[in-house]
Amino acid sequence: MRDEHFKVQMFRFVDVLASLHRGGEIVRHLDEYFTDMRNGFAPLVRTGVQAAKIVPWISGQLLRWNVSGMARQFIAGKNPHDVMKTLRKRRAKNIGFTVDLLGEAVVSEREATEYAARCLELLEYLARETQGWIDPLGKNSELFPVVNLSVKISALYSQMNPADPADATAHLAPKLRPILRRARELGAFVNFDMESYAHKNITLELFKTLFTETEFHDWPHVGIVIQAYLRDAEADLFDLIDWGRARGTRFTVRLVKGAYWDYEKIKSSQNGWNIPVYLQKPESDVNFELLTRILLENEKNVTSAFGSHNVRSIAHAQALADQLGIDRSRFEFQLLYGMAGPIKRALVEMGYRVREYCPVGELLPGMSYLVRRLLENTSNEGFLRAKFSDNVSEQQLLRDPRELLNGAAAPPATSVTTGDRQLPDGASVDVPPGDTYENASLVNFVYKENQEQMRAALRQMRTQLGKKYPLVINGQKIWTGKTIASFNPSSPKEIVGHVTEAGIPEAEHALEAARSASKQWSRTTIEERARLLERAAAIMERRRYELSALEVFEVGKPWAEADGDIREAMDFCLFYAQQMRLIGRPRLTQHVPGEESYQHYWPRGVALIVAPWNFPMAILCGMTSAALVTGNTAIIKPAEQAAVIGAMLMEIFAEAGVPPGVLNFLPGKGSIIGAHLVDHKDVNLIAFTGSREVGLRIWESAGQTRPGQLQLKHVVCEMGGKNGVIIDSDADLDEAIVDSIYSAFGYQGQKCSACSRLIVLEENYRRVMQRLLSAAASLRVGNPEEPGMTVGPVIDKTAYDRIQEYIAIGKSEATLAFQRKDVPAEGYFVPPTIFVDVTPEMRIAREEIFGPVLSVIKVRDLDEAIEVANSTDYALTAGFFSRSPANIERAKAEIVAGNVYINRSCTGAVVGRHPFGGFKMSGGGTKAGGADYLLQFLLPRVVTENITRHGFAPEETPQYREEFLWPPKR
Ligand code: NAD
């Protein structure tokens, strides 16, 4: 396993194997994973593949059999009966057990209920089969029941959301109580396992809540995990100990290093969060020792279980226990089944308690879950390595991790493969454009403080509902006497605000102001314009919760979605500021003796910004900030449904110091002032995002020149989508179901990028549908003021009626497979709905519905899937779930969409990372948040000067000049 690539391919192959049933499929995957491997193993594999191709059926089965054999080494048994055989053998060696049920990720409440039932069944069985077993040490046995069950909390509730611990407890506690009650009756021990950081606080809270209840407060046989790789671990441990002391009954803490190190690092980096884990391995080791001390010093209240294979960590615990005079029988060591046999034996011989952590589950799927954990966590790789093959000296093994701390190399940054793409002058084109930019971070609702800030902002915002907002023209606030009311879609009686309505005279006024401000603004330095955007972003950051709260009320966004929208708006400001600095300076076109030519950009003039309501801050701000930083003046027309958020953006830019006339805020009816300005001879640029219907009208109208018009209009036009996601026959359904459900129903399906067609290969259609429908049935639907909602209301009555009409059309064209019943009666809540037996020519498969309605199309094979995916008028986003390297390559090449997402959700584009926008009837091919977006707002210009005088020319020509860009200094 020394070759990294081979190892990854091997893991990935094992991961997919359980989902492959036909011999031919197994051989095809084997071939795809290992074809071009330049590795010692490769010839062997290649020969194997050749042979396998001849008799795929036999070879496929042989491979499954082989991997199952490997799985036997790490999985203690297929089922309760099977695992008992293992446990009996271990008992003979004085090794105890804790069992962990392996299984698919739980994506629905049905699956969660099944898991709970399996836990109970396992408990009963183990209790029955271990009757009469006695404690191997015969001392302090009352602390260590024989039957010990490790429970995965996330497997008991499919809708766990870090923002909403109360909801998690409300759902988890009733599922856990019967298990705990029965375990207590049976004299068993229950441990709450710890998984990713997102669930940590919830798990701790749940543990404390349940075991403070009258029924359980005097039950000592419960435990929880502390992960030493977390920076929070010490504080959490002290908190637990305090709680335990107040409770007055012992409990157990299993101390481990933690198994999600890579995952935590990746996830935090993607979202701009502080990384919760220590970055250097020895730091976790040091922390493990510190926590060991805390645990042992509190031995009066807490029983310790040390979960480590590191001999130094083990030896440290032993020595410390001796020093503190704690008897060996009062704590235990826990090690994984199938590993570190000699350590276990030695510990038993030394008179310590040893318990094995025993995964139980079907071998092949079980292996893929194990391997998945390994893939997530390279620091765990010792797991598969032959035991002690590394021949490390005793001294090295026992070295104090503190010695390794100073000067220990930080883990290498993710390496990016760069091809040999040097230009002749030595410049490199290999730095990705997004790499020069660090995104704003998302709010991490794992933290209580953040949850509380959001609640406070919602309360505060409620007191401000119903306010009136003016137009802003030439820096002046203007009231026309007419207003547009904006309603809360969750509770339409509630008016979020009244925004002054502009008519034609105000539109003319705004245009005049923008035109006259244009001269000065177009000659304002790039630096000054960029700083304006940066100040705006800083104000958004300061008002972040307030703005998110407003989105919850005005457009029905769930918390995290609202926060994502504000983050995106900040990103647009910061990214475009940076991009303008990069492209704005006049740049030499070519070195040529005697002449210098500089290309640079001028703004187009007056920009009209017409925005939709669904990303009310981000899209409006994105188009606006692009217009301003490029030196255009702008008139912004927000969508009627989100006009208050539009007013906030104006306020923010005003506070940031935008000069009068440079930005004018003109809410009003799209069909009146929008259309008027689109047709106006003095508007030079229209940046539009919205529906196809309006977009096409604008595109057409802008193509006409009107009397007196001096410049061709340029249109940036982003329209709708009918996005398809394909689920291949070998897809990882744990991921595919969760991500497809979220893509289809997150924010009520009201994202232009939302999945509205799920294209499923017939081979796993039945399994996909079974899991998909129950996952949809489990979604949280309700008022998004509550944290952790996934599906809220649609934007207004018109949208509600339109979507209901589509549901009626769907019922007449296809088969209704699922529709939620329990949606709130008040507000525009459309129940999540799924249609099956949909064919590509049906209206529900072709037209944008823009609501929580999903059409499922069954296809024979990948050819048909791609054909169906590409068969609409739109080309915005698309998704593909597969574990076949060849099919993935094919999807990358053949799926027609502006943004193609492989093995992830097809929504949630991030500025700089996923430049966003489509083509065909989805848009003009521009990419918001991409390196070339600003060019849409600019006119390129080249200035050439003959610098030869009487045959003489300077030898050096500067790369950049900017003297002629700004007005000459007087
Ligand atoms: P919409 O087309 O109804 O309205 C968009 C904007 O256009 C609003 O401000 C509206 O007032 C204005 N408008 C309406 N008629 C006009 C006219 N005749 N002239 C000028 N302006 C006019 O769209 P919506 O309901 O606000 O937004 C939803 C649509 O936007 C969906 O189709 C969605 O797919 C699309 N969308 C696309 C993207 C993308 O990046 N491609 C992003 C978000 C939303």
Side-chain angles (χ1 to χ4, degrees), residues 484 486 489 499 501-502 504 507 554-555 565 568 572 608-624 635-643 645-646 665-680 683 686-702 713 715-723 747-756 794-796 798-800 802-803 847-851 872-877 897-899 906-909 911 914-930 933:
I484 303 175
S486 172
V499 180
E501 183 181 341
I504 306 293
E554 195 174 25
V555 296
D565 192 54
E568 192 177 349
F572 277 132
L608 171 65
I609 313 291
V610 184
W613 49 264
N614 67 332
F615 288 94
M617 187 59 99
I619 294 182
L620 183 66
C621 176
M623 295 191 290
T624 304
I635 299 172
I636 52 176
K637 200 215 82 59
E640 293 88 321
Q641 301 91 330
I645 295 164
F665 177 58
L666 205 72
K669 299 234 162 64
S671 53
I672 301 173
I673 54 159
H676 178 77
L677 289 172
V678 165
D679 292 347
H680 205 288
V683 167
I686 301 154
F688 168 81
T689 307
S691 63
R692 169 179 176 176
E693 188 198 342
V694 177
L696 293 186
R697 200 174 308 149
I698 291 177
W699 191 270
E700 191 184 327
S701 162
K713 279 181 196 167
V715 184
V716 177
C717 185
E718 309 279 355
M719 302 180 290
K722 187 72 192 172
N723 313 302
Y747 190 41
Q748 302 77 276
Q750 300 177 114
K751 298 181 189 177
C752 47
S753 52
C755 162
S756 64
V794 300
I795 189 70
D796 57 16
T798 317
Y800 180 87
R802 194 197 60 243
I803 300 164
E847 297 172 17
E848 188 182 44
I849 301 174
F850 222 56
T872 67
D873 296 351
Y874 297 97
L876 191 51
T877 72
N899 289 71
C906 67
T907 63
V911 171
H914 316 117
F916 187 80
F919 45 93
K920 284 171 76 179
M921 287 301 132
S922 291
T926 42
K927 285 289 190 195
Y933 185 68

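In listed order, ligands and their atoms are each counted from 1. Side chains included, hydrogens not; waters and symmetry mates left out as well; all remaining heavy atoms used. Everything numeric here is computed off the predicted structure, so don't read it as measured data.
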>> Whether the D679 and S701 side chains hold a donor-acceptor pair (N or O, under 3.5 Å, no angle test) is what I'd like checked.
In response: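 Indeed, the side chains of D679 and S701 share at least one donor-acceptor pair under 3.5 Å.
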>> What I want to check is whether the side chains of T926 and E718 have a donor and an acceptor closer together than 3.5 Å.
In response: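 The answer is yes; a qualifying pair exists.
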By salt bridge (Lys or Arg N to Asp or Glu O under 4.0 Å) - contacts of [X] (at least two apart):
X: K713; answer: none
X: R697; answer: E693
X: K637; answer: E640

Between the protein and ligand 1, which nitrogen or oxygen pairs come in under 3.5 Å, and how far apart is each?
from     : atom 1 : to   : atom 2 : distance (Å)
ligand 1 : 2 (O)  : S691 : N      : 2.8
ligand 1 : 2 (O)  : S691 : OG     : 2.6
ligand 1 : 9 (O)  : A611 : O      : 2.7
ligand 1 : 9 (O)  : K637 : NZ     : 3.2
ligand 1 : 11 (O) : K637 : NZ     : 2.9
ligand 1 : 11 (O) : E640 : OE1    : 2.8
ligand 1 : 18 (N) : R697 : NH1    : 3.4
ligand 1 : 19 (N) : G670 : O      : 3.4
ligand 1 : 19 (N) : A675 : N      : 3.4
ligand 1 : 23 (O) : S691 : N      : 3.4
ligand 1 : 25 (O) : W613 : NE1    : 2.9
ligand 1 : 26 (O) : W613 : NE1    : 3.3
ligand 1 : 30 (O) : G690 : O      : 3.2
ligand 1 : 32 (O) : E848 : OE1    : 2.6
ligand 1 : 34 (O) : E848 : OE2    : 2.6
ligand 1 : 41 (N) : M719 : O      : 2.7

> Do K669 and E501 pass the salt bridge (Lys or Arg N to Asp or Glu O under 4.0 Å) test, and can you show the C-alpha distance, the side-chain angles, and the key distance before you say yes or no?
Replying inline: CA-CA 8 Å; K669 299 234 162 64; E501 183 181 341; 3.7 Å; yes
